[in-house]
Protein chains: 2
Amino acid sequence: MKIEKRIKCEGCIIKQMNSFKALSKEELKSISDKKETRIIKKGEVIFKEGERLKGVFCVRDGISKLSKMSGNGRDQIIKLANKGEVLGQRSVITSERANLSATALEDMSVCFVPKAEIEKCVAENSSFTKALLNNMANELKLADVAIVNMAHKTVRQRLAEVLLYLDESFGTDQDGYLYLQLSRTDIANLVGTATELLIRTLAVFKKENSIVIDGKRIKLIDKKVLYNIVEGL
Amino acid sequence: MKIEKRIKCEGCIIKQMNSFKALSKEELKSISDKKETRIIKKGEVIFKEGERLKGVFCVRDGISKLSKMSGNGRDQIIKLANKGEVLGQRSVITSERANLSATALEDMSVCFVPKAEIEKCVAENSSFTKALLNNMANELKLADVAIVNMAHKTVRQRLAEVLLYLDESFGTDQDGYLYLQLSRTDIANLVGTATELLIRTLAVFKKENSIVIDGKRIKLIDKKVLYNIVEGL
DNA sequence: ATCATAAACTGACAAAAATCATATTTTTGA
DNA sequence: TCAAAAATATGATTTTTGTCAGTTTATGAT
């Protein structure tokens, strides 16, 4: 990771998108002094499951994946994090080892904020703590939904859901193709299935004319049909 | 639900087991004035997915299940809550509708604490908020593990894990049988599979001599083997 | 005790998913 | 530009899981 040092937290727009918006000018200044801005190249690992994190990573730009190894040697992507999200919050707050690995899916620009700064803010600023709490509560809700989906939806349903999610969260390019171009393996790890089955299911969607495939690029043609697939219709 | 009114929060031992331990004597007194102690019979629903909760339920005694319906009409048990746990925290904090349903698996004694009391404590007592945050962070970690397990472990692996979890969390009776006697359907909903497959898999474990079955009563005979099954060996 | 009902179980089969082997295409970098 | 490597794709097969239909067993109310 390359290290830069330029932007000040006080004027950073990214903070509007996360718990940092609850911080005072003084707190932001203090963080700004201690933080390091880093450039992370596509494919680079930001932190690994089991590591002790020395701070959190506030994402200024670029999409990353948060994943966890299963005992069976498969990698499950738990969530995709867009700019604005803060990586490593949970582990830093609880002082536990990281539960997930974070990997850049694009070139990223992140600010590393040392653990001590976060702890100071938690200790002194209760609206920051409340913001963290709300954030965590929301993640928990999503996680519960994911458990149910994994347990009871078919790969076909989950893939339709993932495609709609990618469209919803990261949008499309000028030609209407999904902006985020994942590898087949990454999509499989997001859906929670084997790569082969994922490829076949994508091919089925293509044959059914609900999507168009052009190499890594995927375009959703008939979202209504995809929604119906999610519902099991 | 029958309503009682007796025990004072200040002297209640249950609070040692949850976030309420961070509260001051005055806060506990205030809660004590507003709370209602209720007896909930086995099988009764405490709250349903989608409801707006008017407060949280502090469990004085009895085990409950927290479950969520999948689109396919199956009920997934997300967690089992023992005494000491507080039900409905997430929904009350975020003022969202309940994400899960809570049902008594045994006769229960719970204290209902109105939302306003919780909000007051969150607003005024930052160590309470921090305790909630830690609690939520822990739940999130467990949820992430559950996602991976659902996605990549077989029913055989997950059942072994559930049995060991029931042993670990709720213990056994004098004869060494699991204390918590769930219906086959509840075990299936915990594992995330169909009842028939669950019954068959239990029968396989029995045949392999890792468990003994006597009606609803289940005894773990060879935990080592069960651990190996979890690991896929 | 008896009946009605629900829960537990079994067998046969169908569907979904994983696995293994191999072919083809795309990407990469020397 | 070309060869090697990686990613994508396909076929054949096995394993796992789900479903349906029906039987047996337990349970509770009268």
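Values below: all heavy atoms of this structure, side chains included; hydrogens, waters and symmetry mates excluded. Naming convention: chains lettered A, B, ... in sequence-line order (proteins, then strands); numbering from 1 in each chain.
- Taking five base pairs at each end of the helix from C/dA1-D/dT30 to C/dA30-D/dT1 and finding the rotation axis that steps the C1' atoms of four pairs onto the next four gives two axes whose angle is 50°, to the nearest 10°.
- Every residue meeting the side chain to side chain contact (heavy atoms under 4.5 Å, CB included) condition with B/Asn149, not counting sequence neighbours, appears here in chain and number order: B/Val145, B/Lys153, B/Glu161.
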Polar-atom pairs under 3.5 Å, protein N or O versus N or O of nucleotides 27-30 of chain C: list them with distances, or write none.
none

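- Of the possible polar contacts, none joining the A/Thr37 side chain to the A/Cys111 backbone as a donor-acceptor pair under 3.5 Å is found.
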Polar atoms only, N or O, under 3.5 Å: list the protein pairs with nucleotides 6-10 of chain D and their distances.
residue	atom	partner	partner atom	Å
D/dT8	OP1	A/Lys216	NZ	2.8
D/dT8	OP2	A/Arg184	N	3.2
D/dA9	OP2	A/Arg184	NE	2.8
D/dA9	OP2	A/Arg184	NH2	3.4

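- Contacts between residues 222-230 of chain B and DNA chain C, defined by a heavy-atom separation under 4.0 Å, are absent.
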Please tabulate, for the side chains in residues 46-59 of chain B, all donor-acceptor contacts under 3.5 angstrom to protein atoms that are two or more places apart in sequence or on a different chain.
residue	atom	partner	partner atom	Å
B/Glu49	OE1	B/Met69	N	3.0
B/Glu49	OE2	B/Lys68	NZ	3.1
B/Glu51	OE2	B/Lys48	N	3.3

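- Between the side chains of A/Ser109 and A/Lys83, no donor N or O sits under 3.5 Å from an acceptor N or O.
- Non-hydrogen atoms lying under 4.0 Å from DNA chain C are contributed by A/Thr154, A/Val155, all within residues 149-157 of chain A.
- Take B/Asp173 and apply the salt bridge (Lys or Arg N to Asp or Glu O under 4.0 Å) test, not counting sequence neighbours, and it matches B/Arg217.
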Which atom pairs, one a donor and one an acceptor, fall under 3.5 Å between side chains of residues 85-92 of chain A and the rest of the protein, sequence neighbours left out?
residue	atom	partner	partner atom	Å
A/Glu85	OE1	A/Lys79	NZ	2.7
A/Gln89	NE2	A/Asn135	OD1	3.3
A/Arg90	NH1	A/Glu96	OE1	3.4
A/Arg90	NH1	B/Ala137	O	3.3
A/Arg90	NH2	A/Glu96	OE1	3.4

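- Of the possible donor and acceptor atoms, one in the side chain of A/Asn18 sits under 3.5 Å from a partner among the backbone N and O of A/Phe20.
- By the salt bridge (Lys or Arg N to Asp or Glu O under 4.0 Å) test, A/Arg60 pairs with no residue at all, sequence neighbours left out.
- Between the side chain of B/Gln76 and the backbone N or O of B/Leu190 there is at least one donor-acceptor pair closer than 3.5 Å.
- Distance check, rounded to the nearest 0.5 Å: CG of A/Leu198 to CZ of A/Arg158 gives 10.5 Å.
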Pairs under 3.5 angstrom only: tabulate donor-acceptor contacts from the side chains of residues 221-231 of chain A to other protein residues two or more places apart or in another chain.
residue	atom	partner	partner atom	Å
A/Asp222	OD1	A/Lys224	N	3.3
A/Asp222	OD1	A/Val225	N	3.2
A/Lys223	NZ	A/Asp167	OD2	2.6

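- For A/Arg184, there are no salt bridge (Lys or Arg N to Asp or Glu O under 4.0 Å) partners at least two apart in sequence or on another chain.
- Within the nucleic acid shown, B/Arg158 has no heavy atom closer than 4.0 Å to any nucleic acid atom.
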